[in-house]
Structures are given as C-alpha cells and as structure tokens.
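One structure below.
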Amino acid sequence: MIHVRDLRVDYDDVCAVRDLTLDIAPGDIYGLVGPNGAGKTTLLRTLVGLKDATYGDVFLNGVDLALERERAVGVVGFMPDSAPIYPELSVWEYLDLFAASYLVPAADRNGLIDDCLAQVDLAEKRDALTAGLSRGMRQRLILAKTLLPGPVILLLDEPASGMDPYGRAFLKERLRALSAEGKTVLISSHILSDLSDFCTAIGVMEKGRLVITGAVSEVASRVLGAARMWAEVIAGDDLCASLLANDARVSDVRREGDTVTFAFAGTKTDGSALLAALVSAGVSLASFGRRKEDIEEVFLKIGAKEVS
Amino acid sequence: MLRALVFENPLLVKHTRARLRRQHTLPLIAAVVMTCGLIMWPMAMFAEGASEDVAGLFMFLLVMQGGLLLLAGTYRVATDVSEAQQSLMLDFHRISPQKPLAITLGFLFGSPIREYVLFACTLPFSMALAYAGNVSPLSWLALMLALISTAVLYHSAALVAAIALPAQRGSAVGILFLAFILQSMAVPAAMQGIPLGHLTVIPTAAIALDPTSAPDLVPPGLSPSALYPLLLALLHQVPLVIFLCIAATRKLRDDQAPGFAKPTALLFYVIVAAMLAFDAIVRPRPAYPSDIPWIHFSAYLLFGAGLLLVLISTPARARFAKGIRQARKLNLPWVPPWDDAAVNWASLPLFALVLVVGVVAASFIAGPVRLLGTHILAGAAIAAFTLLYFGYAKQVFSLAYPKNGDTYFGLLLFLLWVLPLLAGFILTVSSDFGVPSEEILAISPLAGIGIVLSDPIRRSLPTATGVALLASIIPALGFAWLSSAITRRAEAEFQPNEEAPTV
C-alpha cells in the first residue's frame, strides 16, 4: 500500500530524510517513532506531496507520487500535528468546504458529512463554530475532515496530542476499525504507550534514518533481546525453577515472591509448550505469560545508541 | 472549468459564508449607508447648479470607496492568507484535488468579499452625487472600473506577499505602505512625465472630475475622456495581476518553488520593458520640462525589476543540490538551464540584454534627439553589468556559504552600493558642497546609473562615467568567473548518496 524506496529529502543544508526504504501493507497500522527532528513530519509531508523528495520513489496504492501526484495523493488522508481550522466557520461548513474541495457532489455532501461526524462522535457539534471546540474536539474534527474523501491511506502526525483519555481511547478504537476496513494507517506519535496497544508494526527514525522497522514483537525482540516471561506459582516453585534452569531457551531466572521471571528466547508456540511442560510436570500455576512489548523501552534503547 | 474556478469555487463559498454572516454584515452595511447619507446631506443645502461643490462631495465619497476596497480589502487578503499559511491550512488546500488557480481566485476574490459588498452599497450614492456634480455616466463608470481594477492589483500583490513571506504578518502593512506611496507619488510623478499613476486610480479620477486636466494626461488630438486613462490603467494593471496570480498559483502548488520559473521571469521582464516602451510612446510629452526624469525612471525601474526577478530565479544551495541529484538519477549530464534548480549562469545574460534593450528603447522613443547619445548606452551598460554581478554574486554566496551566504551577500552590497554613497555624501558635506564627489558616488550603481544618464546636462563628468563603468564591469567579470568555478565545485560535491539503508 505504501512503498518507499531510497527516499532522500533535503531542506536548505539539512538532510531531513536519508535513504529511507519502507513497505506498509494494506490494513497495517504502522507507528513511526523518533525524537524531535528525526524526520517523521518531513516523511509524512513528503508522502502526501507537500514536500518534494530530492530523490527516491514513493508509491501510494501502487501509484507513483512523482509521476501522478494528484492521483496518488487522492487516496491519502493527512492529519497534521497542528489542528488547522477556520474559526469563523461552523463544523458543518468546515467539512462542507473540504467535501467541495474533494469534488464530492453537492447532493451527497450532507449525508457524507453527517456520517463522518458520527464516526468521530461530533454529531452534536454539527452547527457549532469551530472556534468554540476544545483541542481534542478539533483533533476529532480534523480526523473527520481526513476521512471525508474516503482515503485508503491515512497519514496521521501526532493525532492524539491534546486529546483527553476518552479521546485517545476513541481514537484507538477508530483506528482499529479503519484498519479492519483495510485502510493503511501510518501514525507518528510521541505517546509511545498508545502505539504499542494497536500498532501492527513500528519504525524508529533517528537523524533522518529509519534505524529499525518491523512487527512490534519482532522489533522488541531484536532490540531488547529475549522476551521476558513470568510464572506465578501456587505450588512446586522449586520444581518450576529446576525445569526452567534445564531449558536451553531460558536464562536469567529470578524469583520474586511467588513469581518466577525469566528471559525466554523462543516463539509464542514455544512458550505455550513450556507452559504445558510445567503443568504436566506438576507445577501449579496461577498465571503465566509474556510481558507485553514495550515500545518505549525499544525507543529508549535505540535512543541510547544500543542498536547498531 | 469556469464553474469550478468561480461559481462553485469552495473557497469563494467559504468566504461568502464566513464574511457575509447577517449579524456582522448588516451593521456594517447600515454604517456605510449612514455615512454615505451623511456625505450627501450637505447637497441639500447647496444652491442649484453648485456642481463644483457636489463634485467635492463625490470626491469625498470616492476616498471612502478607495478606503474600503484598496485599504480594507488589501489588508483582509493579506491577513487571511497569512493566517491560513501559518496555521498550515494552506497545506490542506494544497493536497486537495482543487486546482491551485481555484485556490488563488478563492482568496483573491473571496477574502475581500465583504468589502466588495460594502462598496456596492456606496454605488447608488456615488451615482447620485456624480449626476448632481456633472460627472458624466461614462466617466463615473470608468472611475468605478479603475477603482476595482486597482483594488484587484493591490489584492494580488498582498496575496503573493502573504504567501511568499509566511512569517511576516506585516506583509499587509508593507503592501498598504507601497500602495500609499504610489498614490501619493502619482501626481508629482505625472508632472514630471512619469506614469506611476497607471497603477493607481488617480489619472482616471482626475479626468472624471475635471476634464480640463486632460492636457497633462491625454495626448493632443484625443478627447478628454476618463476612458483613456482607464484603458491605460488596465493595460498596465492586467498583465501585473496575471503575473502575480501566476506567482501565487505556483506557490500554492509548491511552497518551496520560486514564484516564477526562469522563462516566466524573463517573459515578465520583457513585458515590463515593453510597457515602458509603450509608455514612452503614449505619454503626452509637451507638458514636461525635461526628459531626464523619464529616462532615469525607465532605467531604475528596469534595474530594480531585474534585481528582484534575478533574486527570485536564483536557486538556493538546497534546490541546486536537489537538481544535481535528480539529474544524476535521471542520467542527465546537467540540470536543464531553464529548470528552477539550474544556476543562473545562462539566464542572467538574457536579463541583462532585456535591461539594455528596454532602457535604450524607452529612452530613445521618449527623448528628443539632442538627448540621444552614448551616455544612454553607458548608463544601460552599467545597470546591466551591475545586474550581472548581483546575480552571479548571489549565486556564488548561496552555493559557497549555505549558512551565512545571505549575510556575506548583504555585506558585499553594502561595500559596493552603500559605502560609496555614504563616502561621497560625507565628502560633499565636509567640503561645504565645494568638492564634487561624483567619481566616488559613481562607484555605487545606485548613484552611478543616474550620474551617467544625466551626462548631457552636466557635460563634465567623463571620469565619473569611467569609474561607474569600471565599478560594474570588473565585479561582473570577477563574479562570473567565481560563479563558474563554485558551480563546478558544487556539482562535484553533490553526489547521490548510495549508502544502503540502515533498516
């Protein structure tokens, strides 16, 4: 859906994006993380045609951005970091402006606008002036504007900034729903805990380079090493410890009260087999699981230059 | 096409909705109507046939109409576009399938829509005053059209300034200041035979209100109709509006692009030169004491326009680098010389050529035979060589010093243009105006061009002409060589980065 090859983007004497290659499949929610100035916003602006690439290829839904800009950008919805509004317009008028800009026939606009407002839970603000909306509501209005032309690719730059917890939860649900509809979502965010909840893949940018990319679990395992697991033992903790110590995939076993934690260099299936082995050996377990991949830890580790 | 650009233009609809809300517009309409009524009120006290007094009231209303369209309208366009630019709203419009020209027209005619409506409310009063004041219907119509076309010109300039100077909310004030200067200078300039008034409403107003002023504004043999200055105003304003719209549309398509592509900038320059030549033909000559102001005006106008266009079409280092990398990726031996990213090596001589031809043509057409001479050619050559070194130096500093290039370039201009002026002035003042310091002043083209063009009157300054020529030719040759060397070095420097991505 989004294919980027050897992309380079320059500002004056600064290379903002350097030799970036990226593939995002339909239905993926791809999280782009990186410190300020890493090139995330420049990448998004380039993908939507607002910034010219110095060189490199960008294909959006199979259309070459350099050759057919209008057609390529036509399938993209872009939500910038700021939430630009015309304060003198009402919510409906604002959406009508962009529906007309996206060449939606006048007869279809009302229904489409109402549908988009319902999608972002702003239907009751239909006739309110945009100037009176809170920051979170403005973000939702911009999301509605982004959804208006029915894009198949969504590029969202810090969409949750300024949103309250309800707004964030709502955004996550919406993005999951959009992904389920087959839309591709590329989201850049500093709120890393948000991303780990629903991103199917992430990429970390630093100084214009995409230093690592892949599925969240894959990236976490590459950066953080073996996954950390835990077993909460009711009975048979010595047996549990000895079984774990004899497994070649297990290392760094620690006992913290009733809970045994350990590094596990196996797949999820291997983890399931280990659980079965422990239970069949007579270890009584209250809970057993793999710690959730923590994008924040990945990001901090990369930021600390621990990944080459 | 016309439907998308005008009748169903989303930005026009947006501005109509936002700026014509009843609760805001009706009180303003009431205020305008009451003011117009107040202006008309003294008419009831005038004796019958006091048409001169009524014409005074008409003039008063005209100033108010000008304030609405020229001042308030221009300010509104500039602030609307500046705000849209700063809030990144323009980006939303840029990525929509809307044509950039539709966005341009949407802001140009949509932003000041309230001012147009208020202006429309003044028309019945203006018409009544014109009737009572013996202003013919044709003159009245010509005057209103001139007002509207001048407003569109200022609005276009404000639009471009606001897009090109996104961080400057003061672009509105700047344009208004320029408009004010133009309006104030129009009459004194006209008395010297300089047609600045074509960019204002003043010549049309002068003939509409007082046909006896025609000898200064209409060539002998033509009837003193306000249609003539209106026609001249349109001939000058329409091309400017078209080129300003081209620049705005280009910037709305790609905010990083220069306002004009090199060929467009050259075409615009040719048109400015042609307009000057045209003015030289049509200006009513007998009334003026001398043709020297006209010759100076032509030379400095073309020189100034040339500097601006060269500045616009000279690529910064980043754009140049991008051009080189793109050319290499496409296996092109070099960046095409008309490309935005190409250095100005090839386009500069063309600008210089247009400058020389334009100055010489405008001077030779306008000047009496006794004024024709080598000083015109020398003055034009000095302007052209200065334009050349200005462009080459700008290119050198932008390629060689990406961070401080503009500062160094400014310093160069201070050394070559401002310092000699200051030195000459100080020398003249300190010698109690006894020592002629033209030779020092002539080092600066700002004074040198004028000094050389005035030669036939002074008849005593061959040294100053020589100094001015040398002060323009030597830097032109030097910076041409430097520009070529720096360009070659930069071309070698910017290689496509073929490193494998670190993914």
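What you see below is based on every heavy atom in this structure, not just the backbone, and it leaves out hydrogens, waters and symmetry mates. In what follows, chains are A, B, ... by sequence order, proteins preceding strands, each numbered from 1.
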Taking all non-hydrogen atoms of both residues into account, name the closest pair between [X] and [Y] and its distance.
| X | Y | result |
| --- | --- | --- |
| A:Glu88 | B:Ala18 | CG-CB, 3.1 Å |
| B:Asp254 | A:Asp52 | OD2-OD2, 3.3 Å |
| A:Pro84 | B:Ser87 | CB-O, 3.0 Å |

Got a sec: does the [atom1] of [X] have more than 12 other heavy atoms crowding it under 6.0 Å?
| X | atom1 | value |
| --- | --- | --- |
| A:Lys183 | NZ | yes |
| A:Phe59 | CZ | yes |
| B:Phe260 | CZ | yes |

Verdict with supporting geometry, A:Phe98 and B:His93, side chain to side chain contact (heavy atoms under 4.5 Å, CB included): CA-CA 8 Å; A:Phe98 285 101; B:His93 294 300; 4.0 Å; yes
4.5 Å side-chain heavy-atom contact, [X] and [Y]:
| X | Y | result |
| --- | --- | --- |
| B:Gln98 | A:Tyr102 | no |
| A:Thr146 | B:Phe92 | no |
| B:Val13 | A:Leu97 | no |

Against chain B, label [X] side chain, backbone, both or neither, depending on which of its atoms sit under 4.5 Å from a heavy atom there.
| X | answer |
| --- | --- |
| A:Ala106 | neither |
| A:Tyr86 | both |
| A:Leu89 | both |
| A:Arg71 | neither |
| A:Ile142 | side chain |

Ion pair B:Asp91/A:Arg45, N-O distance below 4.0 Å: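 Counted as a salt bridge, because a side-chain N and a carboxylate O are separated by less than 4.0 Å.
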Under 4.0 Å between a Lys/Arg side-chain N and an Asp/Glu carboxylate O for B:Arg17 and A:Asp96? yes
Identify which part of [X] has an atom lying under 4.5 Å from any heavy atom of chain A, answering side chain, backbone, both or neither.
| X | value |
| --- | --- |
| B:Asn9 | neither |
| B:Arg21 | side chain |
| B:Ile103 | neither |

Using non-hydrogen atoms and a limit below 4.5 Å, what part of residues 73-83 of chain A faces chain B? A:Val73, A:Phe78, A:Pro80, A:Ser82
Would you compute the distance between atom OG of B:Ser96 and atom CD of A:Glu70 and round it to the nearest 0.5 angstrom?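 Atom-to-atom, B:Ser96:OG and A:Glu70:CD are 9.0 Å apart.
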